[in-house]
Protein chains: 2
Amino acid sequence: MERIAEGEYAVMEVLWEESPLTAAEVAERVPPGRGWSLATVKTMLSRLLAKGALAHEQEGRRYLYRPAFAREDYVAEESGRLIDRMFGGRLTPLVAQLAARDRLTQADIEEIEALLKELKS
Amino acid sequence: MERIAEGEYAVMEVLWEESPLTAAEVAERVPPGRGWSLATVKTMLSRLLAKGALAHEQEGRRYLYRPAFAREDYVAEESGRLIDRMFGGRLTPLVAQLAARDRLTQADIEEIEALLKELKS
DNA sequence: CCTTATTGATTACAGCTGTAATCACTCAGC
DNA sequence: GCTGAGTGATTACAGCTGTAATCAATAAGG
């Protein structure tokens, strides 16, 4: 699975949300904050195709694009990469880190505890 | 805090481990797997200086380099960025994700539980 | 039929990144 | 004093990224 650039990722998100879509449809759904032209979206789609992150099927004169892998798979790989790089592959320091930065609310803590409890059984 | 590229990050790690260091000393300590020449390390140091990620003090004819911010700060920002992008800012889905991928051992789970317990008090 | 809008493909171009080589300077040793 | 080794600065260059514009083909509408 090749690396996906930040901008390309925005396009993947659109297609993970809904697919297959035409280039124009993707352009409509990209977050407006990006301020992308249709041309830019088309560039992204081409690059993602070249990287093997998207597949396309012809539909008349145009293509329908769809992701070549599931969001969960990509997200898992990317998270693993970060945790390896920054926390020696261990999740506990990440949790500790976030806790220390007050990025964990009381509700978060309880939610994770519940999840872990389930995992143990 | 400006973005740090993957290769630059390797240099930061060296200096977070031990600093201040000269360029030659950094080069010695960079993971050999990189196969970097001294010249490459010097380029990285210059770029990190330009980005404000390093500070340097003159020592005779050369510089001593040191990080301009703590590893924890950088790591916290970078983790936050990923969690925002991929998990809507919430940690629980990340934990769930990793668990589903068998990236969590029984020991991890207990460790995190202990940590959370402490946080609650 | 002719024009216009659409669509993928090709090209553009600056900035960042990886990976150096070269240059100019200077200090240390002979 | 001269030479060689070490040092930061400058330059190099290809590949990736963000952000398009342009082009050629074609389908659709009048």
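Residue numbers begin at 1 in each chain, while the letters A, B, ... track the order of the sequences.
Toward the 5′ end of DNA chain D lies the nearest nucleotide of B:Thr22, the other residue of the pair B:Thr22 and A:Arg3 mapping further downstream.
The side chain of B:Lys51 lies closest to C:dT17, out of C:dT17, C:dT7, D:dT7.
Once rounded to the nearest 0.5 Å, the distance linking CD of A:Glu118 with CD1 of B:Ile109 reads 11.0 Å.
A salt bridge links B:Lys51 with B:Glu8: the closest approach of a Lys/Arg side-chain nitrogen to an acidic carboxylate oxygen falls below 4.0 angstrom.
Using a 4.5 Å cut-off on side-chain heavy atoms (C-beta onward), B:Glu6 and A:Arg85 make contact. The shortest side-chain heavy-atom distance between A:Arg3 and A:Arg81 falls under the 4.5 Å cut-off.
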Stepwise side chain to side chain contact (heavy atoms under 4.5 Å, CB included) test for B:Leu82 and B:Phe87 | CA-CA 8 Å; B:Leu82 178 121; B:Phe87 302 99; 4.2 Å; yes
Just do the side chain to side chain contact (heavy atoms under 4.5 Å, CB included) check on B:Leu54 and B:Met12 with the steps written out, would you?
-> CA-CA 8 Å; B:Leu54 293 181; B:Met12 294 301 289; 3.6 Å; yes
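Straight-line distance from the CZ atom of A:Arg62 to the C1' atom of C:dT7: 9 Å, rounded to whole Å. Whole-Å rounding puts the A:Glu6 CD to C:dC16 P distance at 16 Å. Rounded to whole Å, the distance from CD on A:Glu8 to P on D:dT17 is 5 Å. Here D:dT7 presents its P atom at 11 Å from CG of B:Leu64, a figure rounded to the nearest Å. Rounded to a whole Å, the CG atom of B:Leu45 is 15 Å from the P atom of D:dT10. Separating the CG atom of B:Leu38 from the C1' atom of D:dT7 is a distance of 9 Å, rounded to the nearest angstrom. Taking atom CG of residue B:Leu49 and atom P of nucleotide D:dT7, one finds them 16 Å apart after rounding to whole Å. At whole-Å resolution of the value, CD in B:Glu59 and C1' in D:dG6 are 13 Å apart.
No donor-acceptor pair under 3.5 Å is formed between the side chain of B:Trp36 and the backbone N or O of B:Gly7.
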If the sugar-phosphate is the primed atoms plus P, OP1 and OP2 and the base is the rest, what is the B/S/- string for nucleotides 19-30 of chain D, using protein heavy atoms under 4.0 Å?
-> BBB---BBS---
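Rotation axes derived from the C1' atoms of the five outermost pairs at either end of the helix from C:dC1-D:dG30 to C:dC30-D:dG1 lie 20° apart, to the nearest 10°.
No option in A:Arg34, A:Arg29, A:Arg71 other than A:Arg71 meets the salt bridge (charged side-chain N to carboxylate O under 4.0 Å, His left out) test with A:Glu13.
For the residue pair A:Tyr63 / A:Glu59, no side-chain donor-acceptor distance below 3.5 Å is found, with atom types taken as modelled.
Residue A:Tyr63 places at least one side-chain N or O closer than 4.0 Å to OP1 or OP2 of C:dA9.
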